[in-house]
Amino acid sequence: MGSTSEKYAAFKEKVRRTVYFDNLSPQVTESVLRTALEQFAIVKTVKFIPNYIGPSNLPQCALVELDSVKKAEEVILMIRQYPFMMSGMPRPVRARHAEEEMFDDRPIDPDRKIQCTWLDPSDPDFEVAMELKRLACKHAAEISFMHRLQLLEEEKLAQQQTETLKVHYKKFKMIEDITMDGTARRLAREYDMRITDE
Amino acid sequence: MVDGGGEDELEFKWGIKGKLGGKKKDVQFYESFRYDGVDYKRYDSVYLYKEGEPEPYIGKIIKIWENADSKTKKVKVLWFFRPCEILNFLEGIETLENELFLAYGDGLGLANISPLEAISGKCNVVCIAKDSRNPQVSDEELQNAEFVFSRFFDVGKRNILDRIDDDKIADIEVKNIFNNLDSQKAVGVVKLDLDKNEGSGKVTTSNEVMGLLSQKNSQPVMGKANGKGLAALVRENVESRPPFGEKPISRNGVIEASKSGDKTMPQAKLKGNGISNASLVKKKSSTKLLDGSNDCGMTRITKTNDKHGNISGEKTPLSSKVDSEKGECKIVGKINKGSVEVKTGKEKSGENLKRDLQNRRLVSNAGDMNKISPPPSKFDSEKGGCKAGNLVRKINKGSIDEKREKQKCGDSNLQSRRLVSNDDAKKIATSSSKDEYKLQRAKDFCDGEDIPSKKLKLDHKPMNLSDDKLRKKSTDSLTLEQKLTQCAKEVTRRPDTDRSRWFKGFPWEERMKTAYEQGTLVLLKNLDPSLTSGELEDIIWNGFNESCTAKVVQRTAFSSPHSGQAFVIFKKRDAAELVAKKLDEGCFLMSNGRPLVGSIERPCFPEKKPIFYGHHVVDQHRTHMQREMKDAVSTSHCSQPNNIEYEMALEWCLLQERADKAWSRLFKQQEEELRKVKAKMKSK
């Protein structure tokens with residue numbers, strides 16, 4: 001038992017120095033994450049959390065284990081303060097503290113005892129339990145609906161930003177064009193304005 | 001190799017003597033010895049420690065002797081190679097993690113003579129060669145094995161051989177390198193008292209093994225009854241047997257009565273509970289019944305153990321004095337699935353036993369019992385005292401091997417006396433030798449299984465229950481199953497947790513995909529989010545008596561904090577469907593009053609090209625902003641508040657914040673709903 005609890009304690013420690021990232025683009029790979037974070041801390045392990053449940057186009061999530069708890073705190077704080085770009089712009093990634101449940105290989109809590117039993121259909125609680133089951137299904141459905149909703153929102157924002165960008169691009173392009181073809185200078189002369197680059 | 005410096009401190013004792021050898025007949029060969037509390041015998045696999053080597057060498061003892069003049073003890077060891085030792089010759093051959101290669105051929109490195117004291121411990125090596133000469137081992141045994149080997153390394157030609165057709169390796173009969181002896185050894189390890197039998201011991205572990213043992217090698221390893229089987233037997237006895245005299249003779253074990261006329265002394269050997277076995281083992285008794293019975297009945301046994309523990313003690317004395325003339329073995333055995341083997345030249349008792357002795361592997365399926373019911377006779381033990389009434393034994397899946405030797409009963413009496421003193425099985429179990437006992441049991445289990453299982457199709461699960469804890473648990477599950485009561489059971493470890501060892505390496509995603517296609521994948525919902533995959537497997541085992549591989553769905557920022565989900569892969573489609581159906585119709589309540597929800601669903605597999613919103617690609621590079629963007633792609637960076645990227649990033653942050661709020665509201669609401677419903681529960 002001694003070793004089990006030690007293992008468990010070690011695991012808890014690991015959780016504390018691990019940072020959970022999400023909103024990662026599918027192009028983000030382990031090496032991208034490593035290079036990105038090695039500016040701030042030593043990256044020990046990187047693990048992506050596979051998504052088997054939700055809509056398949058949810059952003060990627062990953063667990064990054066750093067070398068110390070302090071570094072983990074710093075990285076989280078920093079990424080919270082400044083939008084942090086990884087493999088693309090402008091959607092920033094998000095960092096949070098990792099939680100135990102995010103790990104699939106977590107050890108068993110040695111202190112915990114689980115109990116389970118089959119409920120007899122005649123048990124007065126049977127109906128309640130059935131209701132709980134229904135509720136669980138409903139909640140799961142709600143969550144997946146939320147996922148879809150969120151994706152819709154994201155899509156909307158992304159589209160809107162694409163529009164904005166296009167407009168900006170057009171604007172810049174126009175400016176560039178008139179600068180290049182002499183229109184700007186001509187107009188400046190016309191209106192007696194001075195234009196210099198600086 | 002280490003010199004035998006430590007010899008003085010370490011316990012050492014020779015076991016069975018072999019022939020004399022050497023030019024001047026000054027070399028005494030042995031078949032077994034005991035060193036530092038461990039019994040070794042020929043053909044055991046052992047670790048040899050060499051100073052400076054990070055890992056001990058592994059080899060098989062093929063000869064043991066002592067030089068009379070120098071009094072030095074030597075062993076000749078046939079080497080196993082670890083893959084890393086012969087890396088250069090593997091040439092891309094895939095090896096298992098714990099695979100070894102046995103030395104073969106002629107040349108350096110085949111075998112060496114080492115001081116006996118270089119042996120640092122036993123090593124459990126199982127041969128998995130698909131060779132007809134090699135009895136295959138069960139999965140369980142495989143799992144217990146520290147190493148496996150199936151291939152050979154020719155030290156002369158320096159290449160790997162998948163099989164060998166020779167009859168001998170290093171002058172050793174090839175059969176000795178295969179499993180039989182190994183498995184026997186496993187049993188042997190445990191028995192500490194072997195030393196007592198001088199030379200006499202002949203042991204048969206099981207039918208198959210028997211053949212192989214030559215007189216010399218045969219070790220006094222005999223009993224391998226499983227504790228449990230026996231225990232179950234005991235119980236039977238109790239039920240069916242009329243009370244007998246003072247001492248309950250029923251041993252779980254097997255009694256054998258062999259009796260034969262003049263030359264053989266009647267010896268009965270019982271194999272009592274595991275415990276008694278251990279001690280019995282030492283006997284050299286002529287007859288031996290081996291009950292290789294593994295029985296699934298373990299759980300039952302557990303219950304009965306305490307009560308009947310005492311029984312075992314008694315019998316032995318009886319056995320020694322069986323009056324065979326009258327042929328009265330009164331064994332009314334119910335042998336379920338037993339294989340009885342009698343190897344006595346003349347057996348008188350044979351008649352009594354209405355068994356098909358000739359069939360060595362008589363496999364009777366449960367339910368059909370060979371009853372041996374000679375007229376009840378009485379065993380007179382020297383000490384007298386005990387009369388055995390009818391023994392009604394039930395040997396579950398036992399294989400009884402009777403072998404007659406001439407021996408001194410005296411010895412066995414001794415032992416038996418000893419046995420007697422341990423009345424209480426329980427006590428024994430807790431005694432210092434507990435570990436060994438356990439170990440032995442575990443091993444017995446495997447061994448026994450090895451043989452009968454091929455024919456008997458023993459149920460796998462119970463077999464795994466080789467340790468106390470497990471045993472307990474299976475009890476639990478049994479009860480659970482029986483009653484599906486409301487009394488909550490504590491979930492304990494399921495028996496075959498180690499199974500994964502051989503499956504490791506398949507990516508989960510692949511397995512899940514296959515499982516989904518085969519319909520063996522079940523999605524469980526409403527789990528306590530803190531449950532781990534292992535715990536979940538235990539729960540499934542407890543609730544459904546199905547073994548499975550589970551993997552909890554890892555939480556992300558968007559998972560419900562109230563309930564977790566997990567994918568579970570079952571072995572068979574039926575099992576998966578049954579579980580889903582049971583979960584749908586019934587209520588399987590876990591801690592905190594959470595009913596488990598399960599259904600067969602399609603998991604979401606990652607797409608080749610998932611869409612990701614929020615990263616824009618602009619293909620012109622000329623403008624300032626775009627140049628910046630392009631650079632940014634290659635470097636992860638923090639955005640500074642002086643450009644449009646920052647502005648947009650903030651929009652994303654805003655959206656994220658809103659989403660977070662929405663999620664937390666949703667979760668709160670769900671929690672509320674859950675709370676309300678749970679409040680309706682009466683019992684919790």
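Chain letters run A, B, ... following the sequence lines, proteins first and then strands; every chain starts at 1. Being a predicted model, the structure only gives us computed values, none of them experimental.
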Please name the pair of heavy atoms, one in [X] and one in [Y], separated by the smallest distance, quoted to 0.1 Å.
| X | Y | value |
| --- | --- | --- |
| A:Leu132 | B:Asn526 | O-ND2, 4.4 Å |
| B:Asp584 | A:Lys133 | O-NZ, 3.3 Å |
| B:Ala649 | A:Met85 | CB-CE, 3.5 Å |
| A:Ala140 | B:Gln565 | CB-NE2, 4.3 Å |
| A:Ala129 | B:Pro595 | O-CG, 3.3 Å |
| A:Arg94 | B:Ala557 | NH2-CB, 3.4 Å |

Looking at [X] and [Y], does any basic side-chain N land under 4.0 Å from a carboxylate oxygen?
| X | Y | value |
| --- | --- | --- |
| A:Glu100 | B:Arg555 | no |
| B:Lys680 | A:Glu127 | no |
| B:Asp660 | A:Arg96 | yes |

Within residues 40-50 of chain A, residues adjacent to chain B where the heavy-atom gap is under 4.5 Å: A:Ile49, A:Pro50
Tell me, for [X] versus chain B, whether the close heavy atoms (under 4.5 Å) come from the side chain, the backbone, both or neither.
| X | result |
| --- | --- |
| A:Pro59 | both |
| A:Leu151 | both |
| A:Asp22 | side chain |

Does [atom1] belonging to [X] count more than 12 external heavy atoms closer than 6.0 Å?
| X | atom1 | answer |
| --- | --- | --- |
| A:Arg34 | CZ | yes |
| A:Tyr82 | OH | no |
| A:Met78 | CE | yes |

May I ask you to name which of [options] has the most heavy-atom pairs under 4.5 Å with chain A?
| options | result |
| --- | --- |
| B:Leu523, B:Leu531, B:Leu583 | B:Leu531 |
| B:Ser563, B:Ser530, B:Ser533 | B:Ser530 |
| B:Val552, B:Leu650, B:Leu655, B:Val553 | B:Leu655 |

B:Trp652 side chain to A:Gln161 side chain, donor-acceptor N/O pair below 3.5 angstrom: yes
Pair A:Glu101-B:Gln554, side-chain donor/acceptor within less than 3.5 Å: no
Choice from [options] maximising heavy atom contacts with chain B below 4.5 Å:
| options | answer |
| --- | --- |
| A:Lys138, A:Gln27, A:Glu155 | A:Glu155 |
| A:Ala136, A:Pro83, A:Cys61 | A:Pro83 |
| A:Met130, A:Gln160, A:Gln159, A:Gln60 | A:Met130 |
| A:Phe126, A:Phe103, A:Phe84 | A:Phe84 |

All ring-ring contact (aromatic ring centres under 6.0 Å, His included) counterparts of B:Phe612, not counting sequence neighbours: B:His615
B:Phe667: partners by ring-ring contact (aromatic ring centres under 6.0 Å, His included), with sequence neighbours left out: B:Trp663
Pair A:Ile143-B:Gln670, side-chain contact (heavy atoms from CB on, under 4.5 Å): steps then yes or no: CA-CA 10 Å; A:Ile143 288 170; B:Gln670 291 187 345; 4.0 Å; yes
Separation between [atom1] of [X] and [atom2] of [Y], rounded to the nearest 0.5 Å:
| X | Y | atom1 | atom2 | result |
| --- | --- | --- | --- | --- |
| A:Glu154 | B:Gln656 | CD | CD | 7.0 Å |
| B:Lys551 | A:Asp105 | NZ | CG | 7.5 Å |
| A:Met102 | B:Ser559 | CE | OG | 7.0 Å |
| B:Lys582 | A:Trp118 | NZ | CH2 | 5.5 Å |
| A:Glu99 | B:Thr556 | CD | OG1 | 9.5 Å |
| A:Tyr52 | B:Arg602 | OH | CZ | 12.5 Å |

Contacts of type side-chain hydrogen bond (donor to acceptor under 3.5 Å, both in side chains), residue A:Asp192, not counting sequence neighbours: none
Heavy-atom side-chain contact between A:Cys137 and B:Val597 under 4.5 Å: yes
side-chain contact (heavy atoms from CB on, under 4.5 Å) assessment of B:Ser560 paired with A:His139: CA-CA 8 Å; B:Ser560 163; A:His139 287 170; over 6 Å; no
Candidate pair A:Thr164 and B:Glu647, rule side-chain contact (heavy atoms from CB on, under 4.5 Å), full reasoning: CA-CA 11 Å; A:Thr164 320; B:Glu647 231 167 79; over 6 Å; no
Contacting moiety of [X], where chain A heavy atoms sit under 4.5 Å:
| X | value |
| --- | --- |
| B:Arg594 | neither |
| B:Ala662 | both |
| B:Leu674 | both |

Worked verdict on B:Lys678 versus A:Val128 for side-chain contact (heavy atoms from CB on, under 4.5 Å): CA-CA 7 Å; B:Lys678 261 188 196 162; A:Val128 184; over 6 Å; no
